[in-house]
Amino acid sequence: MSATLTEEPVVLTPSAAYRPPTDEELDLLRQIGEHWAQTLGGRRLSRARLPADPDLVGRGEPLPPTSRYERLVRIVDEGFVPARPGTVVASEGAIRPPSRLGRVLFAARRALLGPPLATTAIVQERLSKVVALAVLSSDALSSVAYGTEAMLVVLVLAGTAVLPASLPIGAAIVFLMLVVGASYRQTIRAYPRGGGSYIVASDNLGRRAGLVAAAGLMTDYVLTVAVSVAAGVAAVTSALPALAPLTVELGVGLIALILAANLRGIRQSGTLFAVPTYAFVAGMLLLIAVGLGRAAMDGWRVTPPPQLPATEALGPLLLLRAFASGCSAMTGIEAIADGIPAFRPPEWRNARTTLTWMIGLLVVMFSGITLLTRLDGLVPSSHETILSQLAAHTFGRGVLYGYIQAATTLILVLAANTAFSDFPRLLFFLARDRYAPTLFLRMGDRLAYSNGILVLGVVAAGLLVAFQGRTDRLIALYAIGVFISFTLSQSGMTVRWWRRRDAGWARSLPINALGATLSGTVLLIIAVSKFTEGAWVIVLLIPLIITLLSRIRHHYTLVEQAAALHPPSDETGHLPLLRARREVGDGARPAPEQVEAPDEIRHLVVVPVAWLDLPALRALAYAVSLGLPVLALHVATDDEDARRLRTLWSAWGDQVPLELIMSPYRVVVAPMVNYVRAIQRAHPELTITTVLPEIAVTRRWHRLLHNQVALRLRTTLWHYPGTVVTSVPFHLSTVSHEP
């Protein structure tokens, strides 16, 4: 057994999104901390000097009051539970929004998705083999419902006489299934903590290959949802033709239902989807058993198919196109190797066992349906699926036919659940490596990667609408992404075995090498034969996705470089910082965003005022209480406006310096912003804090009754270096009762 195998639990917890600090970072932080201690001296901040107990339990001794009425009181809040000194735990009550609308939306969310789950419940959310087969294999198992039909749709272009070729083509597809399945068993053995194509290709072939695999998987998962739902709706409209005009609406509604189920968490969605998956498997096995039994009793006689005219000549290209279309029955085989962390311990053992079950069922069902379709002389129809025809021919249009159609519809729709399980996990790994936005690292309150689930649902629904729910239009785009990931994953495994020579490598390498060769061959066939039918879209889309992922990584790299720690002083131990000195020259102060120590910051607090009323006085009082230099700023539109404010200022006693900006063009925001920038240009060492008085209304529509100067100032000034913007809200609810 390979040394890489381990029984250590495999859990993707929220903390898995963040790397541990390096020794260099810890050493730099110690140096910076020592500099802070020297700078603060006896002014070091401590918990004992805080005016309130941060643990929310009270200290028993009041702090020195700032007035004779002030005392430290015991704070009691049901939303927080003290755990130990310096730590409080937010209970379920603490995550309820404070606003009325927020509470209503929170209650609706809880009714739809269920109560929030604590992080400690993540182990209980993992899947048994029985449930995992339903969740992670539904895509692969459901593809037998349209794989044979996709192959026949191409073959009949050459007329009825060429239909016998479906059996050797089907046999080639079955052989490919077995090889790819065996290859992924080796992948699970080598990557017991999760061996998706992105991880395997990145680890063994380089980051660029990993991004190609990720792009292929992303297109595969989106198309899995669109194709599965479209095929499910096609099964419904085959049985109920009256619903055909509502194809798109039904598809979008079903995507919304699957999305909501997955937002409830992987275990609950898995339990929900297990019954339809096994109902479909049971129905297919019954259909195949009865059909083969009747065929045996009939001496394996082949029913002549309807005579169809040939629209294309039979040739190698047509056969290759039919083979490529039939390979759509292999989609989803990689899902179990991708989803190892979703299994109960021992994860890798359970994953390999489940993969073996899935491949066995897939081979039996695809082979049986292909053989029965040939024996019964069935051909594709625009009004009824092959599987519907086969069920009607075997059982008649009675109860069992209805059962087959219902089970097929459910499994085809729920096959999208495989993508909803793996797509968010792929985005998690990409975001962890900074190739995707970090919002995809976040676990929702049901321990599901909610942001990835939502993105997949929206994109797949848009694709379904764009293609009007037509399965045949979508399948042309489908298999190419699948086989890109197959090829790169198995190529990566081949390289891994050759380089590392782990235990059992001599047996595993030929399996993965054969899988890579066959997958690459199929990929080439699909790319060439399906290019004019729509595969060109994927060929163009994948480089665009790679470019986007690379640009995201470039941005995060720049951010990390800019935010990286560095030593707090030069070789002599003196300030300013060595890096800042090099940039601004010896003897000059560094720019505000180049400093890390308190004594290096020079402040100016600016308070914009329109009138000397209570909100303005509160903002001025707050600014002065900081103990920093304060300047009041007023934009006057004419001389009368300036005289009025000066009169108010003089009556107040001219407590704070006032600067008037005359704006003859009656513009307020731009002159104020440009004035602050002019000060910064003249004194680049200053950190300018703008304190904005804002009226906080109790009803949202009341915001329309007030000007948005403070909001515009905040959003504009925020973009400039060396500027800090803070708001002092004046809550009307505390001083009046609004109607």
Hey, is the main chain of Ala244 close enough, under 3.5 Å, to the side chain of Thr247 for a donor-acceptor pair? yes

Could you walk me through whether Asn262 and Tyr449 pass the side chain to side chain donor-acceptor pair (under 3.5 Å) check? CA-CA 9 Å; Asn262 277 274; Tyr449 294 106; over 6 Å; no

Basic-acidic side-chain contact under 4.0 Å: Glu312, Arg321: yes

So, Ser137 side chain and Ala140 main chain: donor-acceptor pair closer than 3.5 Å or not? no

In short, Ser325 meets Ala150 closest at the heavy-atom pair CB-O, 3.3 Å

One should read off an interatomic distance between Ser138 OG and Phe420 CZ, to the nearest 0.5 angstrom, of 11.5 Å

Side-chain (Asn451) to main-chain (Leu439) donor-acceptor, under 3.5 angstrom: yes

Nearest heavy-atom pair of Val522 and Cys327: which atoms, and what distance? CG1-SG, 3.8 Å

Should we count CZ of Arg208 as having more than 12 external heavy atoms under 6.0 Å? no

Closest non-hydrogen atom pair, Ala436 against Leu427: CB-O, 4.2 Å

Exercise: do Tyr198 and Arg425 side chains pair donor with acceptor under 3.5 Å: no

Can Arg501 be said to sit on top of Trp498's aromatic six-ring, NZ or CZ under 6.0 Å from centre and within 45° of the ring axis? yes

Let me see the working for Leu319 and Leu155 under side chain to side chain contact (heavy atoms under 4.5 Å, CB included), right down to the final yes or no. CA-CA 7 Å; Leu319 295 176; Leu155 280 179; 4.0 Å; yes

Backbone of Ser519 reached by a side-chain donor or acceptor of Thr487 within 3.5 Å: yes

Decide yes or no for Ser143 and Leu362: does some side-chain heavy atom of the first lie under 4.5 Å from some side-chain heavy atom of the second? yes

Give, for atom CZ of Phe440 and atom CG of Leu454, the distance between the pair rounded to the nearest 0.5 Å. 9.5 Å

Side chain of Thr521, backbone of Thr517: donor and acceptor closer than 3.5 Å? yes

Pairwise side-chain contact, Leu426 with Leu430, heavy-atom cut-off 4.5 Å (strictly under): yes

Using modelled atom types only, decide if a donor and an acceptor are shared between the side chain of Ser485 and the backbone of Val482 within a distance under 3.5 Å. yes

Whether Asp502 and Arg189 form a salt bridge (side-chain N of Lys/Arg under 4.0 Å from carboxylate O of Asp/Glu) is what I want to check. no

Under a plain distance cut-off of 3.5 Å, with no hydrogens placed, do Tyr191 and Arg496 share a side-chain donor-acceptor pair? yes

Would you give the length of the straight line joining atom CE of Met330 to atom CZ of Phe483, rounded to the nearest 0.5 angstrom? 4.0 Å

Could you go step by step and tell me if Phe323 and Met151 meet the side chain to side chain contact (heavy atoms under 4.5 Å, CB included) rule? CA-CA 6 Å; Phe323 174 73; Met151 174 179 61; over 6 Å; no

Do side-chain atoms of Ser183 reach the backbone of Ile511 as a donor and acceptor pair under 3.5 angstrom? yes

Between atom CD of Glu149 and atom OG1 of Thr373, what is the distance when rounded to the nearest 0.5 Å? 9.0 Å

In this structure, CG of Leu509 is separated from CZ of Arg499 (nearest 0.5 Å) by 12.5 Å

Verify, without hydrogens or angle tests, whether Asp220 (side chain) and Gly216 (backbone) share a donor-acceptor contact under 3.5 angstrom. no

Pair Leu514-Gln490, side chain to side chain contact (heavy atoms under 4.5 Å, CB included): steps then yes or no: CA-CA 9 Å; Leu514 180 60; Gln490 301 315 311; over 6 Å; no

Side chains of Leu410 and Phe280: does their closest heavy-atom pair fall under 4.5 Å? no

Testing Glu347, Arg352, Arg349 one by one against Ile188 for a side chain to side chain contact (heavy atoms under 4.5 Å, CB included), which residue passes? Arg352

Closest approach of Ile453 and Ala448, non-hydrogen atoms and distance? CD1-CB, 3.9 Å

Does some side-chain heavy atom of Trp505 sit less than 4.5 Å from a side-chain heavy atom of Arg500? no

Of all heavy-atom pairs linking Ala416 and Val225, the shortest is CB-CA, 3.8 Å

How close do Ser367 and Val174 get, counting heavy atoms only, and between which atoms? OG-CG2, 3.3 Å

Nearest-0.5 Å distance that lies between atom CD1 in Ile336 and atom OG1 in Thr418: 9.0 Å

Looking at side-chain heavy atoms only, is the closest gap between Leu136 and Thr354 below 4.5 Å? no

Could you go through the side chain to side chain contact (heavy atoms under 4.5 Å, CB included) check for Leu133 and Met358 one step at a time? CA-CA 7 Å; Leu133 181 64; Met358 181 189 74; 4.0 Å; yes

Test your reading of the model: is there a side-chain donor-acceptor pair from Arg434 to the backbone of Ala431, 3.5 Å cut-off? yes

Considering only heavy atoms from C-beta outward, does the side chain of Leu548 approach that of Leu544 to under 4.5 Å? no

Indicate yes or no for a side-chain donor-acceptor contact from Arg446 to the backbone of Arg264 under 3.5 Å, with no hydrogens or angles considered. yes

Is the shortest heavy-atom distance from the side chain of Pro380 to the side chain of Val156 under 4.5 Å? yes

Is it the case that the side chains of Thr356 and Arg185 hold a donor-acceptor pair, with the cut-off being a distance below 3.5 Å and no angle test? yes

State, yes or no, whether a side-chain contact exists between Phe428 and Pro341 at a heavy-atom distance under 4.5 Å. no

